[in-house]
S.K.: 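Just dropping this structure here.
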Amino acid sequence: MEENLVIVESPAKAKTIERFLGKNFVVRSSFGHIRDLAKKNLGIDLKNGFKPEYVISEDKKKVVDELKKAVKNAKIIWLASDEDREGEAISWHLSEVLKLKESNTKRIVFNEITKDAILNAIENPRTIDKKLVDAQQARRILDRLVGFELSPVLWKKIKPSLSAGRVQSVAVRLLVEREREINDFKTSSGYKIIGLFKVKLDNGKEYDVTAELPKKFNTLEETRKFLEKCKKASFEVSDIVKKPSRKSPSPPFTTSTLQQEASRKLGFSVSQTMTVAQKLYEAGKITYMRTDSVNLSDTAIAMSRQTITNSFGEKYVQIRQYKTKSKGAQEAHEAIRPTYMDKDTTAGSNAEKKLYELIWKRTIASQMGDALLEKTNITITISTSTENFIASGEVIIFDGFLKVYIESSDDESEENGKGLLPPLKKGQALTMNSIEATERFTQHPPRYTEASLVKKLEELGIGRPSTYAPTISTIQQRGYVLREDRQGETRTFKVLLLKNSQIKESLKSEITGSEKSKLFPTDIGIIVNDFLVENFSDILDYNFTALVEKEFDLIAEGKLSWPKMIGKFYPAFHKKIESTLELTSKPKGERLLGIDPASGKKITVRMGRYGPIVVIGDKDNDEKPRFASLMKNQLMETITLDEALNLFKLPRVVGTFEGSEVKANVGRFGPYILHNNKFFSLKKGVDDPLEVNIDRAIELIDQKRVFDQNKLIKAFTEDAELKVLNGRFGPYISYQKENYKVPKSKNPADLSYKECLTIIAESKKKPARKKFKKTK
DNA sequence: CAGTGAGCGAGCTTCCGCTTGACTT
C-alpha cells in the first residue's frame with residue numbers, strides 16, 4: 001500500500017512533483033475539472049435555490065475511476081490543485097466524488113514547482129476553503145444562466161447555433177465599436193517639415209544634421225509661406241538640452257503578454273502560441289503557460305543571477321520582483337519562464353525554438369539593469385520665422401537589459417533609430433541643404449489583432465489565461481469575426497521641396513490602410529452585438545465582470561451567500577429574457593440605400609437567409625424584387641448606393657474563349673469565372689469580378705488547367721472512379737467521393753490498382769473518424 | 001457549391017474555466 005496520494009491538475013506537474021517527493025508518495029492528475037453542470041436543460045434547479053446538478057464529464061470517467069482506485073490504496077490523500085478559485089473547487093469536487101474523509105484528506109497549495117515550495121506545502125496542510133468554492137459555484141452558475149438563456153434568444157431572433165456569454169459577447173462588442181470608430185474617423189492632413197543641414201565644426205569636419213519642426217502646418221498655403229521665408233534665412237543653434245533617461249525591462253511573461261509578444265515578434269496566432277508553449281511545458285522546458293502571475297521563484301532568480309553574471313558580467317544583474325497589475329489576477333502559478341535559466345536555446349521544432357528563446361530573453365532581461373540613455377534636443381532658430389527646428393538624438397550610456405531583449409510595440413508608427421548628434425555648440429551656424437514638407441495624414445485607431453484583443457480583455461479583467469485562446473476562436477467560429485489581411489489603397493500626397501532657393505511641388509503615392517491578420521466584425525457579429533447591447537446593456541457593459549467579481553470576492557470572504565447573489569441577479573435577468581422574446585422583432589439590420597435610377601424603386605440592404613443582400617423593390621409590388629449578395633469585404637453598415645448598384649451588374653459576360661461565353665460572378669466561395677460549366681476562382685485581393693477582362697480570365701483558366709493536370713498522379717483503367725491525387729496534405733486516393741491517405745511508406749506514383757483497394761479497405765477498418773462540425 | 005430569399009416543424013445548437021489528447025480530408 002502506498003502511504004500518500006497527491007492529486008494535482010496537470011499530468012506534467014504530477015511527473016515533476018513525484019520526483020521531489022520520493023517513494024512514499026504517488027502523484028496523480030485530475031486533468032482539470034472532473035465534473036461540471038449537467039448539459040441537459042440548465043443543470044440548475046431554479047425552483048430549488050439554484051441547486052446545481054453536477055455530472056462527471058464523459059471524458060473524465062476513466063480518470064475518476066483510476067483516482068478512486070488510487071484512493072483505496074492510500075492512507076493520506078493530499079489535494080494539491082491550484083491555489084485559486086477554480087483550483088479550490090476542483091479539490092472540493094474531488095473530495096465529493098471520491099468520497100474522501102476529512103480525517104485523512106489534506107489540502108495543500110504551492111504556487112511554484114520547486115522542491116522547497118512543495119515540502120513546505122506538505123508541512124502546512126489546511127482544509128478545503130468552502131467559501132472560496134462557493135465563489136466558484138456562483139461564477140459557474142452565473143455564466144451558465146447568462147449563456148444558456150441568452151443564446152436561445154439569438155437562435156429565435158437571429159440565427160440558430162449562435163451564442164452569447166459574459167466574455168465572448170464583450171469581446172465582440174469591443175471589435176464592433178472599434179470598427180465604428182474607424183468608419184466615423186475623419187482623416188485630416190498636415191505638413192511635416194524636415195530640414196537637412198550641414199555644419200562645419202572648428203576641427204574642420206563636416207556633419208549632416210536632420211531636424212524637424214515640432215508643429216505641422218495645416219494647409220499647403222501656410223507651408224509654402226514658411227518655405228518662402230526659409231529661402232533666405234540663416235540658421236543657428238540656440239539651445240542644447242541634454243536629459244538623462246532610463247528604460248526598465250518588462251516583467252516576465254504571463255499568458256497574455258506571451259501571446260502579445262509572440263504575435264508581434266513571431267507572427268503567431270494566439271492559439272498557435274499556446275500549442276507551442278504546451279509542448280515546451282510537457283517537455284519540462286518551461287513552467288506552466290496559463291498564468292496571470294509575473295512572479296519568479298527564488299530558485300529562478302538565483303539561476304538568472306548566475307546566468308547573467310556568466311554571460312554579461314555582474315554589473316548587468318539587477319534583481320527585481322514584479323507586482324501583477326492586471327485586474328482579477330489569481331496568481332496560482334509562477335510567471336512563464338524557462339525551467340533552467342542557463343539554457344538559452346532548446347531543441348525541437350522551429351516554432352518551439354523561437355518561442356523558447358523569446359521566453360528566455362524576456363525572463364533574463366527582467367533581472368537585468370536599466371538601460372541608461374542620454375537624450376539631446378537641439379533647437380535651431382530661423383532668422384526669418386518664429387518657428388524653430390528641433391534635432392534630437394539619443395545615446396545609450398549603458399545598455400543594461402537591452403543587451404538581450406527589446407519589447408515590440410503595436411504602434412507601427414513609433415519612431416526608431418534616433419542616433420548620435422555631432423558635438424554642436426550654442427551659436428553654431430548651420431547651412432541649409434534642403435527643407436522638405438511632406439503631407440501626412442492622421443491615422444484611424446488600429447483594428448485589433450487576436451493578441452491586442454486579449455490584452456484589452458485582460459485590462460478589463462474579462463476572461464482568464466486558460467480561456468483567452470478559446471474565446472478568440474469561438475467568436476471566429478460563430479462567424480461574428482473574421483481574421484483577415486486586407487490590401488491597402490493607393491493614396492497620393494503632396495511634397496514641397498526647398499532646395500537651391502527653389503520650391504518644387506510634387507505628388508507622391510503610398511499604400512495606406514493595409515491590414516495583416518486583423519480582426520474584422522462581420523454583419524452577423526454587428527447585428528448580434530447591437531441586439532444584445534440594446535436589450536441586455538447590463539451584461540454587455542464592460543464593467544459587468546468587474547462588478548460580479550466584487551460579489552464573488554464577498555462570497556469568498558463569507559460576507560455573502562452564493563444563492564443570495566444569484567437570487568438577486570436572476571429574476572430581473574430572466575424577466576428581460578422573456579420580454580425580449582415577446583416584444584422585439586427579428587433584427588435584420590435593414591437600411592435604405594437610395595433609389596434605383598433605372599426602375600425608380602427603393603434599394604435596401606438587409607440580412608437574408610444566407611447572408612447579407614441588397615434588394616431592389618419590395619414584396620408588396622407585383623414584380624418580384626431583385627436580389628444580390630454582398631461581397632465578402634463589404635459590410636451592410638458601410639455599403640453605398642453605387643456599390644450596391646454594381647452588385648446588380650453581375651453576372652457579367654466577360655467575352656468568349658474557345659467558342660463559349662466567359663462570365664464573371666460572385667458565389668458562396670467568392671468571385672469566380674464561369675466557362676463551359678467550369679468554375680475558376682478569381683484571386684482574392686487581385687481580381688475584381690466587375691473589372692476582370694477576357695485576357696486575365698483566360699490566364700486564370702490556363703493556370704487552373706495546369707494545376708489540375710499536376711493534381712492527378714495516377715488514374716486506373718480498371719475503375720474510372722479511383723484516382724491518386726495530389727492534395728493540400730499530400731498525396732491521397734479518391735474513390736467514390738471519399739478520400740484516403742496514402743501511407744508514407746508507399747510511392748504514390750507506383751501504386752497499383754490492387755494496392756489502392758487494400759489501402760481503402762484498411763482505412764475503412766479503422767474506427768470512424770469524428771466528423772468536423774460543418775460550419776457555414 | 002455556383003442558387004437561394006415562403007413557411008412549418010422536429011431536433012439540435014449555447015456558457016466559462018480547469019485540463020489534455022485526437023484530429024488534420
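Within every chain, numbering begins at 1; the chains are lettered A, B, ... in the order of the sequence lines, protein sequences first and strands thereafter. Computed from heavy atoms alone, side chains included, the values below leave out hydrogens, waters and symmetry copies.
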S.K.: With under 30° as parallel and over 60° as perpendicular, where do the rings of A:F50 and A:Y570 fit, or are they tilted in between?
M.R.: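 Ring orientation, 0 to 90° scale: perpendicular.
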S.K.: Please work out if A:S151 contacts a base, only the sugar-phosphate, or nothing of the nucleic acid, heavy-atom cut-off 4.0 Å.
M.R.: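 Base, at least one base atom sits under 4.0 Å.
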S.K.: Indicate, with a heavy-atom threshold strictly under 4.0 Å, whether A:R606 touches base, sugar-phosphate, or nothing.
M.R.: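 No contact.
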S.K.: With sugar-phosphate meaning primed atoms plus P, OP1 and OP2, does A:S629 contact a base, only sugar-phosphate, or nothing at under 4.0 Å between heavy atoms?
M.R.: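 Base contact.
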S.K.: Could you grab the distance from atom CD of A:E551 to atom CZ of A:F569, nearest 0.5 Å is fine?
M.R.: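 Interatomic distance, A:E551 CD to A:F569 CZ, rounded to 0.5 Å: 10.0 Å.
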S.K.: To the nearest Å, give me how far apart NZ (A:K279) and P (B:dG21) are.
M.R.: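 That distance rounds to 11 Å.
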S.K.: Quick check with a 6.0 Å cut-off and a 45 degree axis cone: is A:R144 positioned over the face of A:F148's six-membered ring?
M.R.: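 Satisfied, under 6.0 Å and within 45°.
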S.K.: Evaluate the ring planes of A:H93 and A:H33, with Trp represented by its six-membered ring, and classify them as parallel (under 30°), tilted (30 to 60°) or perpendicular (over 60°).
M.R.: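 Answer is perpendicular, since the angle exceeds 60°.
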S.K.: Reckon A:R609 has a side-chain N or O less than 4.0 Å from the OP1 or OP2 of B:dG7?
M.R.: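 No, because none of the side-chain N or O atoms of A:R609 sits under 4.0 Å from OP1 or OP2 of B:dG7.
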S.K.: Nearest whole angstrom, please: distance from the C1' of B:dT14 to the CH2 of A:W155.
M.R.: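 Nearest whole value for this atom pair: 4 Å.
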S.K.: Does the side-chain ring of A:Y610 sit on the six-membered ring of the B:dG5 base, less than 5.5 Å centre to centre and under 30° in tilt?
M.R.: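 Not stacked: fails the 5.5 Å / 30° test.
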S.K.: Could you check whether A:A164 gets within reach of a base, just the sugar-phosphate, or nothing at all, counting any heavy atom under 4.0 Å?
M.R.: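 Sugar-phosphate: the residue A:A164, judged by heavy atoms under 4.0 Å, touches backbone atoms but no base.
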S.K.: Counting only side-chain nitrogens and oxygens, does A:R626 get under 4.0 Å of the OP1 or OP2 atom of B:dG5?
M.R.: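 For B:dG5, neither OP1 nor OP2 has a side-chain N or O of A:R626 closer than 4.0 Å.
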S.K.: Starting from P on B:dA2, measure out to CG on A:L682 and report it in whole angstrom.
M.R.: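 A:L682 atom CG is separated from B:dA2 atom P by 18 Å.
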S.K.: Can you confirm if the NZ or CZ of A:R173 lies within 45° of the ring axis of A:Y542 and under 6.0 Å from the centre of its six-membered ring?
M.R.: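 Yes, A:R173 and A:Y542 form such a contact.
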S.K.: Mind checking A:Q168 for me? I need base, sugar-phosphate or nothing, with any heavy atom below 4.0 Å counting as a touch.
M.R.: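 A:Q168: backbone/sugar contact only, no base atoms under 4.0 Å.
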S.K.: Students often get this wrong, so: under 4.0 angstrom with heavy atoms, is A:S57 touching a base, only sugar-phosphate, or nothing?
M.R.: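 The residue A:S57 makes no contact with any strand.
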S.K.: For the side chain of A:R144, counting heavy atoms from C-beta on, which of B:dG3, B:dC15, B:dT14 is nearest?
M.R.: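 Within the option list, the nearest is B:dC15.
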S.K.: Considering every strand and a 4.0 Å limit on heavy-atom distances, what is the contact class for A:L162: base, sugar-phosphate, or nothing?
M.R.: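 Sugar-phosphate only.
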S.K.: For B:dC15, is there a stacking contact with A:F148, counting only centres under 5.5 Å and planes under 30°?
M.R.: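 The ring of A:F148 is not stacked on B:dC15.
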S.K.: Under 6.0 Å from the ring centre and within 45 degrees of the ring axis: does the NZ or CZ of A:R35 meet both conditions for the six-membered ring of A:W92?
M.R.: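 Checked: cation-pi criterion met.
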S.K.: Nucleotides 17-20 of chain B: which of its N/O atoms have a protein N/O under 3.5 Å away?
M.R.:
residue	atom	partner	partner atom	Å
B:dG17	OP1	A:R166	NH2	2.7
B:dG17	OP2	A:T467	OG1	2.9
B:dG17	O4'	A:R139	NH2	3.2
B:dC18	OP1	A:R464	NE	3.2
B:dC18	OP2	A:S466	OG	2.8
B:dC18	O3'	A:E9	OE1	3.3
B:dC18	O2	A:H33	N	2.5
B:dT19	OP1	A:Y288	OH	2.3
B:dT19	OP2	A:Y288	OH	2.7
B:dT19	OP2	A:R290	NE	2.9
B:dT19	O5'	A:Y288	OH	3.3
B:dT19	O4'	A:G32	N	3.4
B:dT20	OP1	A:S10	OG	2.8
B:dT20	OP2	A:Q278	NE2	3.3
B:dT20	OP2	A:R290	NH2	2.6
B:dT20	O5'	A:Q278	NE2	3.3

S.K.: Is the shortest distance from a Lys or Arg side-chain nitrogen in A:K61 or A:D65 to a carboxylate oxygen in the other one below 4.0 Å?
M.R.: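 So A:K61 does not pair with A:D65 through a salt bridge.
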